Amino acid sequence: MIKKIKQGAFYGSIGLLAFLVMISLLSIMGYILFNGVGHINLEFLTKEPRSMGREGGIFSVIIGTLILTLFSVLIATPIGVAAAIFFTEYSAGKKWVGPIRFFTEILAGIPSIIFGLFGFAFFVIFLGLGWSILSGGLTLAIMILPTLIRATEESLKTVPMSYREGSLSLGATKLQTITRVIIPSCLPGILTGIILGVGRAIGETAAVMLTAGSNLRMPTSLLDSTRTMSVHLYTLASEGISLEKTFATASLLIIIVLIINTAANAITSKYIIKS
Amino acid sequence: MKAYEKIVEKLIIVCAIISTISVVLITVFIFRSGLPILMNYGVIDFIFGTNWSPTNGNYGILPLIAGTLSVTLGALIIGVPMGIASAIILSEILPGKVARVFKSAIELLAGIPSVVYGFFGLIVLVPAIRTFILPIVQLVVPKATTTGFSIFAGAIILAIMILPTIVSISENSIKAVPREFREASLALGANKMETIVRVIIPAAKSGIIASIILGMGRAIGETMAVILITGNMPKIPGGPLDSVATLTGTIAMEMGYADATHQQALFAVGIILFMIIMLLNAIAQISAHGLRGNN
Amino acid sequence: GAKTEPTATGLTGKVVVAGSTSVQPLSEELASAFMDINPDVTIEIQGGGSGVGIKAAQDKIADFGSSSRELKAEEKATIANEYVIAKDGVAVVLDPANTVTDLSLDQIKQIFTGKITNWKEVGGADAPIVVVSREEGSGTRGAFVEITKVSEKDAAGTAVDNTTKDALVQPSTGAVKTTVANTPNTIGYISIGALDDTVKAIKVEGIDATEANVLAGDYKISRPFLYLSNTELTPAAQAFLDFILSAEGQAIVAKDFIPVQ
Amino acid sequence: MENASTKFEIDKLNLFYGSFQALIDIDMTIYTNKITALIGPSGCGKSTFIRTLNRMNDLILGVKTTGLVKFDEMDIYAVDYDVINLRKKVGMVFQKPNPFPKTIFENIVYGPKVHGEKNRDKLQEIVEKTLKEVALWEEVKDRLHKPALGLSGGQQQRLCIARCLAVEPEVILMDEPTSALDPVATSKIESLLEELVEKYTIVIVTHNMQQAGRVSDYTSFFLSGKVLETDKTEIIFSNPTNKKTEEYITGRFG
Amino acid sequence: MENASTKFEIDKLNLFYGSFQALIDIDMTIYTNKITALIGPSGCGKSTFIRTLNRMNDLILGVKTTGLVKFDEMDIYAVDYDVINLRKKVGMVFQKPNPFPKTIFENIVYGPKVHGEKNRDKLQEIVEKTLKEVALWEEVKDRLHKPALGLSGGQQQRLCIARCLAVEPEVILMDEPTSALDPVATSKIESLLEELVEKYTIVIVTHNMQQAGRVSDYTSFFLSGKVLETDKTEIIFSNPTNKKTEEYITGRFG
Amino acid sequence: MSARPQMDHEMAIILNELLEMGARVEDAIRLAIKSLKEKDSALARKIIDDDQIIDDLEDAIRDKCIKFMARQQPLAGDLRMTISILQMIRDMERIGDHCEDISKYTLRLENEHYIKELIDIPRMAEMAAKMVKDSLDSFVGKDLKLARRVWKSDEEVDEIFRNINDELLDLMAKDPAKVKQSVMFTFIAAHIERIADYATNICEETVFAIEGDFHMEQIEEV
Amino acid sequence: MSARPQMDHEMAIILNELLEMGARVEDAIRLAIKSLKEKDSALARKIIDDDQIIDDLEDAIRDKCIKFMARQQPLAGDLRMTISILQMIRDMERIGDHCEDISKYTLRLENEHYIKELIDIPRMAEMAAKMVKDSLDSFVGKDLKLARRVWKSDEEVDEIFRNINDELLDLMAKDPAKVKQSVMFTFIAAHIERIADYATNICEETVFAIEGDFHMEQIEEV
């Protein structure tokens, strides 16, 4: 009897808490999408912003976001994958791996504002790259590097030792083993890592603002400054420029994140089914 | 063939070292910019000074630390039970399909840019606290007053933001509890609740703790959402409805207008933030390794 | 880095303006107008704040750094050229529901230094005053505290900003406006150029916060909008500056701010 | 067959996973204080079957059972049957040793505590008694409060058996209890079984035919969800009736 | 012992993991076209030993070997010895079937491709030949381009053997190749071994003594890193010389 | 395919040797009687010598069976068959011993004139030899009916033995000079009778190996 | 602790029954001679009847051994021991048969006056009985020296048998009236001689079970 009551209380409270989680999610998404989706239209998507975004669309911002994200991912992916391969395949027995790994872990924990400070001090000023896609992209690349390394490493770790042994025992070299067996079998994991990195890059505000600037115009080169959707949203929200554009931008961001998540899930589940 | 492999191997090593170089560079640049003032002003005065007014040459960041900690603590108080409960429900109670939907919803939470949360907090939560929560509080403490820009608002938004971290890591560590433990417990005649409370949660303990610490790290490091909703008042708070300024918020906000010394001071704040995060990371790593050691 | 190569059709190149968020909207408007005439010139407008603007100019990462406050003496020493492109009044704003309409400079000082904490002390309702200020280093704040004597020189002769610690701090003009508009019993200050009917601007010493009054020197709380440069101006930058200071440019300035010519 | 009382009486048991029928018309008797071994190739239903005896199959979604499983004359699939009590009386030991990540002591008292035993002395007594029953007392008495996961595989499995004994079951179900152990640890568990059967009824699923031969009194041969032959173990191994059984036993199957 | 030529000649082999000595003064001869079984309790060094024969132990850090391992009269631990070539000649099959997550076809041609074979017809031929050798051709010929992971455990293991045969080894090392399989799949692998030994030299580590008895020509008993006894399998199982061997064989060990 | 080719192969070798041993034993019986009948001492000596081959075959088969059991761990039918073989070879070896004993009598009778013509003894021996052959054939061919027939024919052999015995006792009582030979012939007949007994034992093993018990009586119905 | 208590337990049961069978066989030998000597027909009949018990014991032990092998899969020493037991019980059963045969002669001699006093035959029988006992003891006690001694003593028995044989042939030649009895006593002596042979065979099994081969000759050195 007492057990019954205890169980009731237990299930009741965890149910309620989980329900709260659901409610907060639904209310945030619902509220923003409800107020924002209506304002997303062709004009909003394809026109350049006017008068600080009060009028017009966010076309240049979307393009800026895409280019910046793409650039950072293009920089970070090969480095991240290679680093992950190093940690899982080459690190054994090398004493200096400990510090390297430690620093990577540190990198993952650094708040984005610090990346921003660093990017500003290093790329923008020290290297004289100014506020530019280059500065922002490189800063973001460093920022998403740990995410990529971690995701790739996790998926490399799921490649059973037995694959490596199988390949080596057939007389394959280590590099052949990596390129022909290990990487193909964890490609979906790497892809998931990239998508997560993309998500993080798209969502980042503080670091981007300090390194890529907040120029509203369409960028024409990598040395141009640009404004990402998150920065734009922040500006719109904090300046109180236009509530409807703010909602529309927020909604668009949510929708993009939704698409990215769905893609990531699709890849992961396909991967799981395959293995 | 061999030479080619050697070259590739070297390249891979270089890539691995890049993160180290980054950290070193970050550290160097931040410390280079922040250390002088920290030294001149005095570390103790800097950390324990209660007056943050850089224009006046006062660089006491205790109010900022207090602000950060109070918001973070609030976020944990709200977020941890919700997160763990969700993790339990996800991994132990909900049937597969429903769990998948719930899970992807939570992953979505993780993907939403923090500015969106800040915006939501600013537009919904802050007024709501002022108009709905304050009157309720005033029933108990008649003198209470708030603008809505508060620890409480920040804590709620941060709680939601750290939920995905807590849920996904806790869930993973709960899922990593071997099915055999569940079976063993049930086979001994324990019911599901007893199994969860007495076996599964203790077994996943270190993972859950790690998730909390990582969530805490995220809360401490969060910037934009916090600027929008905590009021940025560099004052040691007296209650959850008070406004506070945080370390990150102050850096982001003041960086733009700061003159040289002020900017150094902000870098110095960055150093302190950096240290706090490092400390948390170390704790998280130790507890994560503890998990591995146990299994 | 701005590069300019004259072509047959006119100017080319890029001009980077960075700095004060107060100046930013104006710069945007001016840039649009300029680029309509010179389609081959790109003008990049960055926010960041007056500090960023000064630093950008010092470090030569922008053609122009913008500032919404006067330079401090030590800053002046590091900047080669300083151009006043506009003037701006700083309006003291209340939430629209507030019944107070007029405050003296001293009352404003008392309120912002935390000496007066209730609206009834200045003729309003019995409600605590919520002060909304800008962040440390803000040009608007600098101008405001200096003129209202919230900031006073201490015995050693250094200026001390005595803004109450109980002030909410918002990082931009817009944020102050939004906060004041939506929060009862607040008082804040924003650029006159940013005024709209979501907030209520009060008279200071009986004078309305209007551009005309600023221009006439009747409204006391005002500050200059500066473009700073530490390099030799590129042709495009020079052209842009010339455009701003031209009648055409100043007409645009006049829409929200106070022209200098 | 022998003058032994019956513990389980299974009658026309059918079990479905969704639309797949995993057990087909199983009739079986499990005798008190005997070891009954279930053998058969992978996927033959032996593991599924053993899990019907303490209703561990309840945990899996979409499982449906028809027919009778009587434990001490009571139908355990009756709606009002107390599953918790059933599992108390019918303990289970699994393929992989699965001590909880707690101390040795806490592992053993887990069951008694769940069932309401709080007296520290009593718990201490239970720990000593059960550890002695599984011949582990001497090996671990000085480290009762050390983590159970520090034990070797074979010790862990004996600990799991002790943990199971601590709730005073009547029956112990074992699902390939030694398949994760090496021959030496295996033979220790086997000797243990021979002692435990004095007090308990044991049902064991095993892949290892030699093991079934060595330890069991009765053996059932499962194939494709059916029981093809049940008899005394010595008969099954020396002179089985069913041709398929003989083929399986002699390694000529499939 | 018999008029057979030797494939491996091991002389005073010692192996250390850091400061722990895993193999102590191993002397052994492995005869061409014979099956040599290595048995012994967990941790006795048998798995470690088999991995010295194709230098798979190189993968593990801090491993140091002394003594001679001669393969076809050549010391494989000599500095200039070509390990890749050694592994080509000395194939290995592991405890758990480990086909790559590729198609059946791709699994088998992996080795030949790595060693430079590109001719599609030749590869096709290799696939057919090796799959026939492991008696898998009939079962999979219609699904060569389906994922190998869709096969059953036993089929996967035979595929792994085929994959190993595809590089035309002389020796096949097997590290408990059936311990993850059920008795039926096990007996198929065992019959296969009896056919393969016509062409290959086989060394097999097994936990399953019965298996060693059934398939091998020679058996070595390992204990605590030493070889206590090596003899013809029939002798080891019917009349071993060493008392420890007898105890282990008869299940009275430890 | 059989799942245990090695096992079947080893068993085939054992059965082959078993048949060879059977053939040798059968020959030994026939030749022992032939040498007796024809007073062929050389042949008798050869039989005595050749018994060693039979003994060696027994040891070899026994050794193979033990190794077979040690390695292949036969169960059920395989186990029963192996055990039956172990038992049979012991009996067959004894048959060989009996032939040796008979041959020893042949040598002792070498220089004597037989007191009577040997008719029944060779007939009996021939029957016994056939029984041995048939019993082995029944075992190897798993032929229960044949086993049953052999088992039955033991009664005939016993009948002949009794007749020979009576006849010889009669002779001895009548003529003391014939005592020694008669006694010997009696012993020889007794040896043959025992050989036939062994053959029936082998048949019993056939039944056991196939059926798992010794119910010879029930076979008739087959 | 032994790691296989169940196995050891089962083996102990088998050895117990083996000893029981041995005791019964030993008794059978002694009683058969006793009944012969004392013309105790009732005892002789009892021996004939009781042979069934020995036969049943053989079946029971054989059955247990097979089941033991099927279940416990003995190897090495355990395997050799089990196989030895299987062989021994067949020999012991034959010893029982021989005792039965002796008793049958007793019954046939029931109404006759013995032509001579029985001295050597009982002595020989006593020796054979002891050999049977010792051989089993050597097996169960794993006593190689004892086995060797038993094996040696077979020569003595053979010696006595030859003496008896010569003596009886003498008697028969001298007095035809004594033929029938003499033939019978010869047969009885032959039976006893064979019993002793079986005992030596059992000893050989002892050596085999312990050593894995039959090198009886090398034992002496032990």
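Below, all heavy atoms of this structure are taken into account, side chains as well, without hydrogens, waters or symmetry copies. What you see is a predicted model, and the numbers here were worked out from it, not measured in a lab. So that the names make sense, note that chain A is the first sequence line, chain B the second, and so on, each numbered from 1.
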Calculate, to the nearest 0.5 Å, the distance between atoms [atom1] and [atom2] belonging to [X] and [Y] respectively.
X: B:Ile227; Y: A:Tyr234; atom1: CD1; atom2: OH; value: 4.0 Å
X: B:Leu11; Y: A:Ile79; atom1: CG; atom2: CD1; value: 11.0 Å
X: A:Phe87; Y: B:Ile12; atom1: CZ; atom2: CD1; value: 12.0 Å
X: B:Ile196; Y: A:Ile14; atom1: CD1; atom2: CD1; value: 5.5 Å
X: A:Ser24; Y: B:Ile156; atom1: OG; atom2: CD1; value: 9.5 Å
X: B:Ile251; Y: A:Ile114; atom1: CD1; atom2: CD1; value: 5.5 Å

Part of [X] lying under 4.5 Å from any heavy atom of chain B:
X: A:Met229; value: neither
X: A:Tyr90; value: side chain
X: A:Phe122; value: both
X: A:Ile110; value: both
X: A:Phe115; value: side chain
X: A:Leu145; value: side chain
X: A:Leu117; value: both
X: A:Ile149; value: side chain

Atom group of [X] that falls short of 4.5 Å from chain A, counting heavy atoms:
X: B:Ile112; answer: both
X: B:Lys103; answer: neither
X: B:Thr248; answer: both
X: B:Leu109; answer: both
X: B:Ile277; answer: side chain
X: B:Leu25; answer: both
X: B:Glu194; answer: side chain

Just give me the residue among [options] that pairs up with chain B most often, heavy atom to heavy atom, under 4.5 Å.
options: A:Glu204, A:Arg200, A:Met22, A:Lys174; value: A:Met22
options: A:Gly116, A:Gly119, A:Ala82, A:Ser13; value: A:Ala82
options: A:Ile85, A:Leu196, A:Thr205; value: A:Thr205
options: A:Leu258, A:Ile256, A:Ile113, A:Ile254; value: A:Ile113
options: A:Ser251, A:Gly199, A:Ala250, A:Ser112; value: A:Ala250
options: A:Ile32, A:Thr246, A:Leu20, A:Ile260; value: A:Thr246

When you look at A:Phe86 and B:Ile17, which way does the side-chain contact (heavy atoms from CB on, under 4.5 Å) test go after all the steps?
CA-CA 10 Å; A:Phe86 173 78; B:Ile17 293 173; over 6 Å; no

Please give me the minimum heavy-atom distance between [X] and [Y], naming the atom from each residue.
X: A:Gln7; Y: B:Met193; result: CA-SD, 3.5 Å
X: B:Ser86; Y: A:Ala18; result: OG-CA, 3.8 Å
X: B:Ser22; Y: A:Ile142; result: CB-CG2, 3.6 Å
X: A:Pro78; Y: B:Cys15; result: O-SG, 4.4 Å
X: B:Gly221; Y: A:Pro111; result: CA-CB, 3.5 Å

How about A:Arg150: does its CZ atom have over 12 heavy atoms from other parts shown lying under 6.0 Å from it?
no

Which is it for A:Leu107 and B:Ile26 under the side-chain contact (heavy atoms from CB on, under 4.5 Å) test, yes or no, and what are the steps along the way?
CA-CA 9 Å; A:Leu107 204 57; B:Ile26 290 172; 3.9 Å; yes

Flag side-chain contact, heavy atom, 4.5 Å: [X] against [Y]:
X: A:Val257; Y: B:Pro113; answer: yes
X: B:Met224; Y: A:Met209; answer: yes
X: B:Val124; Y: A:Ile28; answer: no

Between B:Leu108 and A:Met29, is a side-chain contact (heavy atoms from CB on, under 4.5 Å) present by the stated rule, with each step listed?
CA-CA 10 Å; B:Leu108 193 62; A:Met29 303 253 302; 3.2 Å; yes

So which bits of [range] come within less than 4.5 Å of chain A, counting non-hydrogen atoms only?
range: residues 75-83 of chain B; value: B:Pro81, B:Met82
range: residues 267-275 of chain B; value: B:Phe267, B:Gly270, B:Leu273, B:Phe274
range: residues 116-123 of chain B; value: B:Val116, B:Tyr117, B:Phe119, B:Phe120, B:Leu122, B:Ile123

Closest-packed option against chain A by number of heavy-atom pairs under 4.5 Å, given B:Ile13, B:Ile30, B:Ile88, B:Leu163:
B:Ile13

Option in B:Leu228, B:Ile84, B:Leu247, B:Thr27 with maximal non-hydrogen atom pairs under 4.5 Å from chain A:
B:Leu228

Holding to side-chain hydrogen bond (donor to acceptor under 3.5 Å, both in side chains), I want the full list of residues that pass it with B:Ser170, two or more places apart in sequence or in another chain.
B:Ser211

Side-chain donor or acceptor of A:Asn261 paired with backbone N/O of B:Glu107 under 3.5 Å
yes

